[in-house]
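Some notes on the structure that comes next.
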Amino acid sequence: MAGFQEPPLKKPKTDVNFVFNSHLPVQQSPIRGVNGHFNNKQHAGNFLFPKGPATFKPKVQGNGANRNTKSSDQLKILKQRHALPIFPARPRLLKELKKNDVVIVIGETGSGKTTQIPQYLHEERLDRKGAICVTQPRRVAAITIAKRVAEEMDTNLGELVGYSVRFEESVSPSTKLKYMTDGMLLREAISDPLLSKYSWVIVDEAHERTVSTDVLFGIIKDAQKSRKAFAKYPLRVIIMSATMDVDHFSNYFNKCPVLYIEGRQHPIEMFYAREKQEDYVLAAMSTVIQIHKEAPPQHDILVFLTGQEEIDAVVHNIRLIAKDNSLAEFPKIRVHALYAALPAHQQLDVFRATAAGERKVIISTNIAETSITIPGVRYVVDSGRAKVRNYLPGSGFDVLKVKKISQAQAWQRTGRAGRETSGFCYRAYTLEEFNAMAVNPVPEILRSNMSSVILQLLAMGIKNILTFDFIDKPSTEYVQQAVEQLTLLDAAKVVKSDMLELTETGKKMAQFPLDPRYAKILLSGPDYGCTDEVLTIVAILSSESIYTNPSGKKEAAVNARRKFSSMWCHENFLNYRNLSYTVEVRKQLVQVCQRCGISIVSCQQNLDSVRRCIIAGLFTNVAELQLGGKYLTLDSRQEAALHPASVLFGGKPAYVLFTELVHTGKTYMHINSAVDAQWLFETAPEYFRKRHIKI
DNA sequence: GAGCACTGC
């Protein structure tokens, strides 16, 4: 089997091309953008090689908070900064950034664009009139990058460099570089649509196309225009992304320039299965064992699989295999499972350093792809079933399917080889399969319920949703459905053709970080005297599951939950992390209630009030029992069954309310409550008048 | 009698 030579001790030298306005064919194998589309177009471009780095010294240092103790560390950091692929491009980059209102920067993970560009802007004092905001799709990323940049600038976190994510903020009036989640910036835009605090907004990981980034694009364009119109200082914008088809982005931003930063610090050697694999789990396991037999100890292996159950099974099996005599001569194996639902202490286990003569094998969901980075991993095995993106620094891999190990010549090697390689990726599917994989997946915003987005846009003063400048326009049908829902909830009203306006209720609803239907439930709390109770319910509904489902203990968990007694909470399979998060959500909702003047009252165990209050937000989610014993939803008249996990399962209430429909084997109603027909009428008379419910 | 994972305010 090819390519199991020991990775080099020598640090790879980075080759850097900085290219202006050209599409660069960066690699010999097709490049796949994170969203799975190719960008291997060949264009003749202007290759602009920078003249040479090394002379630049930052004009502006940090506040020297730790100067006495850290000076040698600071030197080391400066060296590292200068070694980044982006560094030689600094002068040209700044020139273009000064010249253009919008610039797209394409760079691989590890190029340094996220940590360096904001610092370059600050060093040049281009943030004199307002702070630099850098958005990230994920909380952890915003926090960890801010910490790193604060360290590089030798300043305390929360001073010159800060971050802002939900429930956690570290900023001060002196903060100039602010890392935040894209959702957080959208929240800010409700009270300040011009984003007037900022002179620069940098949208990072734009290729991920989250709903928030897509909406931000439109907001940013609007803000740029308005700031021009009001003769305020301009808003400068940088869109940063991994390799992708940039034409769509560039066209959207008025044919703005595209800058490419090439050069990976840690090249990855790729292997593809030579033959199609029937059983990807088996293929992944056998690959692990094969690597294990050939790689030096302490070179750890990370395996991507799909789900918890599968992962637990593979962990179990590898532990069994590891005890086999035939492996006695090889390093000792330590196997870890890693997925989001795992208790925190078990997740932390993964970070324990590998001891001499030992090897760590981590079997993970794609959580290890973006949210958790494990040091020491030299080998990645990609089963092709988990959605894998940039795990090893500088790699650009994707969805795949792995290969049976037994044949030594079973791998096809692509990409750069040899000396510079700092990691290996084994893909359990063939190059042909890789090439055939989904191109251009549909952006999330085109698949989502639009009611939250529209409520937010209306709160920012955007009245015509149909003409809002989305980079990809959601279908008129989806927009209309959402508008209808907001109208039914009394959040918005049509003022004239296609023009909408928020009602007083809607203005309050927009303040809540919730689905509009849940916000409406809270607003109705005082009417039913049960704000206190619905706050708890809505907090739970809008958080991740507070339950745990350990494999092998399924039945015990189900039985424990059925008891529903005062003892129930104690050691009964509750997910501590999510439960704590839910408590935080509830606190935040209480604060928003107080700000909106919603009185927090309790109904003292009067559960009928609670159920009636829930109807106020979820009246479109009701199903009616039919003569044959099946349920039909009243909104879209589709057949739906009570989910077996529901406490109502087995019973036959005439009307049931649900939080969502889940289409699996059948259509199931999730999280139910029995409701009275009379209540439905009283709560939403216009809606139910048309629906002929029997009282 | 079920059954994917992850992310955000």
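If you're wondering where the values come from, they're calculated on a predicted model, not measured in any experiment. Throughout, protein chains are lettered first and strands after them, A, B, ... in sequence-line order, and every chain is numbered starting at 1.
- Here the side chain of E544(A) is nearest to one of dA5(B), dG8(B), dT7(B), namely dT7(B).
- Regarding contacts with the backbone of dC9(B), a side-chain N or O of T181(A) is found under 4.0 angstrom from either OP1 or OP2.
- Between the CD atom of Q347(A) and the P atom of dA5(B) there is a distance of 14 Å, rounded to whole Å.
- Contact check, Y668(A) against dA2(B): a side-chain N or O comes under 4.0 Å of OP1 or OP2.
- The phosphate of dG8(B) (OP1 or OP2) has no side-chain N or O of T210(A) nearer than 4.0 angstrom.
- One atom, CD1 of I143(A), and another, C1' of dC9(B), lie 14 Å apart when rounded to the nearest Å.
- For F167(A) and Y581(A), the gap between ring centers is short of 6.0 Å.
- Across dC6(B), dC9(B), dA2(B), the shortest atom-to-atom separation from the side chain of V165(A) is found for dC9(B).
- Identified under the salt bridge (Lys or Arg N to Asp or Glu O under 4.0 Å) test for residues 336-351 of chain A, with sequence neighbours left out: D349(A)-R352(A).
- For the pair I311(A) CD1 and dG3(B) P, the interatomic distance rounds to 19 Å; values are reported in whole Å.
- Atom CG of L342(A) and atom P of dC6(B) are 10 Å apart (whole Å).
- Distance from the side chain of T365(A) is smallest for dC6(B) among the nucleotides dC9(B), dA2(B), dC6(B).
- Figure legend: cation-pi geometry between K652(A) and Y631(A) absent, as NZ or CZ is not positioned both under 6.0 Å from the six-membered ring centre and within 45° of its axis.
- With DNA chain B read from its 5' end, the first of the two nearest nucleotides for G183(A) and V662(A) is the one closest to V662(A).
- What separates CD of E168(A) from P of dG8(B) is a distance of 12 Å, to the nearest Å.
- Taking atom CG on D182(A) and atom C1' on dT7(B), their separation rounds to 9 Å, with Å as the unit.
- Residues F512(A) and C593(A) are in side-chain contact: their nearest non-hydrogen atoms beyond the backbone lie under 4.5 Å apart.
- An OP1 or OP2 oxygen of dA2(B) is reached within less than 4.0 angstrom by no side-chain nitrogen or oxygen of H670(A).
- Taking every side-chain heavy atom of P644(A) into account, dA2(B) is the closest of dA2(B), dT7(B), dC9(B).
- Of all nucleotides listed (dA5(B), dC9(B), dT7(B)), dA5(B) comes nearest to the side chain of Q308(A).
- When distances are taken from the side chain of A340(A) to each of dC9(B), dT7(B), dG3(B), the shortest belongs to dT7(B).
- Checked against the 6.0 Å centroid criterion, the rings of F217(A) and F249(A) qualify as a close aromatic pair.
- Salt-bridge formation is not detected for the pair K197(A)/D192(A): no Lys NZ or Arg NE/NH1/NH2 atom is positioned less than 4.0 Å from an Asp or Glu carboxylate oxygen.
- At least one side-chain nitrogen or oxygen of R139(A) sits closer than 4.0 Å to the OP1 or OP2 atom of dC9(B).
- Of all nucleotides listed (dC4(B), dT7(B), dC9(B)), dC4(B) comes nearest to the side chain of T664(A).
- The nearest whole Å value for the distance from the CZ atom in F167(A) to the P atom in dG8(B) is 11 Å.
- Straight-line distance from the CG atom of L305(A) to the P atom of dG3(B): 21 Å, rounded to whole Å.
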